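Encoded as structure tokens, the structure appears first; notes follow it.
This structure is a prediction, so every number in the text was calculated from the model and none was measured.
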Amino acid sequence: MSNESDHLVQIDLTPEYKRNLRELSKKYRQIRLDTQPVIEQIQAGNFIGDRIPGMGEDYIILKVRVKNSNIQKGKSAGYRMIYQVESPSIVLLLTIYSKSDRTDISLNEICSIIAEFDENE
């Protein structure tokens with residue numbers, strides 16, 4: 001019998017993601033609980049969210065809406081998690097931000113987060 005955990009997608013976190021999560025968790029106590037179901041889906045190989053266009057064919061970058069249960073406004077005012085599918089078994093969480101703090105993230109920012117992570121690897 002095969003063990004299901006053998007097939008879990010490995011998830012890495014960029015320093016940027018860790019920093020943002022730490023900052024957001026000071027303001028939004030539930031953020032780890034809110035993001036957990038999304039992380040579990042990604043670990044199960046269900047790459048949810050919308051692909052961010054303009055990153056080239058080699059990069060599969062997705063943006064997921066995550067509900068912020070600390071504010072009663074639904075997903076549109078929640079968090080955005082940006083992640084990169086490096087392979088079918090490895091995902092890199094690039095960054096997370098609150099939609100109420102900032103509207104969007106630029107392609108340049110995403111590229112520099114990836115570059116910063118690659119330098120530190």
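- Partner of L93 under the side-chain contact (heavy atoms from CB on, under 4.5 Å) criterion, out of T35, L13, D12: L13 alone.
- Between I113 and the choices D118, I105, L92, the side-chain contact (heavy atoms from CB on, under 4.5 Å) rule is met once, by I105.
- Between L62 and the options I82, V91, V85, a side-chain contact (heavy atoms from CB on, under 4.5 Å) holds for only V85.
- Taking hydrophobic clusters as Ile, Leu, Val, Met, Phe, Trp and Tyr residues chained together by side-chain heavy-atom distances below 4.5 Å, I110 does not share a cluster with V64.
- Atom CZ of residue R32 and atom CG of residue L24 lie 9.5 Å apart, to the nearest 0.5 angstrom.
- Nearest heavy atom pair, residue S98 against residue Y28, reads OG-OH, 3.5 Å.
- Put simply, OG on S89 and CG on L8 are 11.0 Å apart, with the number rounded to the nearest 0.5 Å.
- Residue I114 is not grouped with residue I60 when hydrophobic side chains (ILVMFWY) are merged at heavy-atom distances under 4.5 angstrom, including chains of intermediate members.
- Between the side chain of N70 and the backbone N or O of R29, at least one donor-acceptor pair lies under 3.5 Å.
- Under the 4.5 Å side-chain contact rule for hydrophobic residues, Y79 and I39 share a cluster.
- If you take CD on Q30 and CD1 on I71, they are separated by 12.5 Å, rounding to the nearest 0.5 Å.
- Applying side-chain contact (heavy atoms from CB on, under 4.5 Å) to M81 and the options L21, D34, V38, L94 leaves one that passes, V38.
- If you run side-chain hydrogen bond (donor to acceptor under 3.5 Å, both in side chains) between N20 and each of T95, D101, T14, only T95 comes through.
- Atom OH of residue Y59 and atom CD of residue E86 lie 9.5 Å apart, to the nearest 0.5 angstrom.
- Following chains of ILVMFWY side-chain contacts shorter than 4.5 Å, one cannot reach I31 starting from L33, and the two form parts of different hydrophobic clusters.
- Taking the side chain as every heavy atom from C-beta outward, Y17 and Y83 never approach each other to under 4.5 Å.
- Summarising the geometry, atom CZ belonging to F47 is positioned 11.5 Å from atom CD belonging to Q41; distances are rounded to the nearest 0.5 Å.
- Pairing each heavy atom of R51 with each of E57, the nearest pair is NH2-O, 3.6 Å.
- Separation of atoms CD1 (I96) and CD (E16) is listed at 11.5 Å; rounding is to 0.5 Å.
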